[in-house]
Visitor: 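Take this structure, written in structure tokens, and hold onto it; I'll ask about it next.
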Amino acid sequence: MSALFDKHATEIEKILSKYPPDRKQSAVLPLLYIAQTEYGYCTPDVIREVADIAGVEPTEVDAVVGFYTLFFDHPVGKHVVQVCNDLPCALRGSEPFLDHACQKLGVDKHQAEHGGATTADGNFTLESVVCLGACDKAPMMQIDLEYFERLTPDEFDRLIEEYRKK
Ligand code: FES
């Protein structure tokens, strides 16, 4: 069927078996998770592969990738650091916190605010994102799948050094 299916047949069959044949589109999210873990990010070819498996149009899968901040349509670093800079977080100091994050990681803030900025060593991609649902705990960020809240610059630096070793 596809390289992704061939490599992860058991896992994919298990996911597809959870949905009736006419509702396979519901499998797009878990299929994208497998695809991104396999390929690193979601290229148009990856999107087509997932669409074929789920029996939907590639544009539908593309829309899912575009909607969720944890799916990437471009290469990213080993760890993705997402700093919320939406209005409630901005009112609680996320802007200077983001400045500090850019300085610590040595990346360009404009890039971080427009699709993400990756460190020269490829270890981190920093991006500012909209609400992550922890508005009362700003400054906050997500590294990969983990949330960190009520952060200080020192705590950011400590976490970066911790993730650098992972
Ligand atoms: S506005 Fe930042 S988490 Fe909601």
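Read the numbers this way: they start at 1 and go in the same order the structure lists the ligands and their atoms.
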Visitor: Can you name the atoms of ligand 1, numbered from 1 with element, that are less than 4.0 Å from a heavy atom of Pro88?
Guide: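 Answer, ordered by atom number: 1 (S).
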
Visitor: What I want to find out is whether Arg158 reaches Glu162 closely enough, with some N-O distance under 4.0 Å, to be called a salt bridge.
Guide: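 Yes.
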
Visitor: In the protein, which heavy atom is nearest to atom 3 (S) of ligand 1, and how far is it?
Guide: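 Nearest protein contact, heavy atoms only, for atom 3 (S) of ligand 1 is Ala134 N, 3.2 Å.
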
Visitor: Is the count of non-hydrogen atoms from other residues, nucleotides or ligands lying under 6.0 Å from Tyr147 atom OH greater than 12?
Guide: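 Buried by this count: over 12 neighbours within 6.0 Å.
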
Visitor: Of the backbone and side-chain N, O or S atoms of Cys89, does one lie nearer to atom 2 (Fe) of ligand 1 than 2.8 Å?
Guide: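 Yes, within the cut-off.
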
Visitor: Give the numbers and elements of all ligand 1 atoms closer than 4.0 Å to a heavy atom of Gly133.
Guide: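 Counting atoms of ligand 1 from 1, those under 4.0 Å from Gly133 are 3 (S), 4 (Fe).
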
Visitor: Can you measure from CE (Met141) to CD (Glu127) and round to the nearest 0.5 angstrom?
Guide: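 Those atoms lie 13.5 Å apart.
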
Visitor: Can you tell me if Tyr163 uses its side chain to pair, donor with acceptor, with the backbone of Asp144 under 3.5 Å?
Guide: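 Flag not set: sc Tyr163 to bb Asp144 has no pair under 3.5 Å.
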
Visitor: Answer yes when Arg164 and Asp121 have at least one side-chain N-carboxylate O distance shorter than 4.0 Å, and no when they do not.
Guide: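 So Arg164 pairs with Asp121 through a salt bridge.
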
Visitor: Counting only heavy atoms closer than 4.0 Å, does ligand 1 sit against the backbone of Cys131, its side chain, both, or neither?
Guide: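 Contact part for Cys131 vs ligand 1: both backbone and side chain.
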
Visitor: Pull out every atom of ligand 1 sitting under 4.0 Å from any heavy atom of Asp86, numbered as shown with elements.
Guide: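 Those of ligand 1 that fall under 4.0 Å from Asp86 are 1 (S).
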
Visitor: Show which atoms of ligand 1 fall inside a sub-4.0 Å distance from at least one heavy-atom site of Cys84.
Guide: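 Once the distances to Cys84 are compared, the set is 1 (S), 2 (Fe), 3 (S).
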
Visitor: If you compare all heavy atoms of Asn85 against all heavy atoms of Ser128, which two are closest, and at what distance to 0.1 Å?
Guide: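 Closest pair (atom of Asn85, atom of Ser128, distance): CB-CB, 4.1 Å.
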
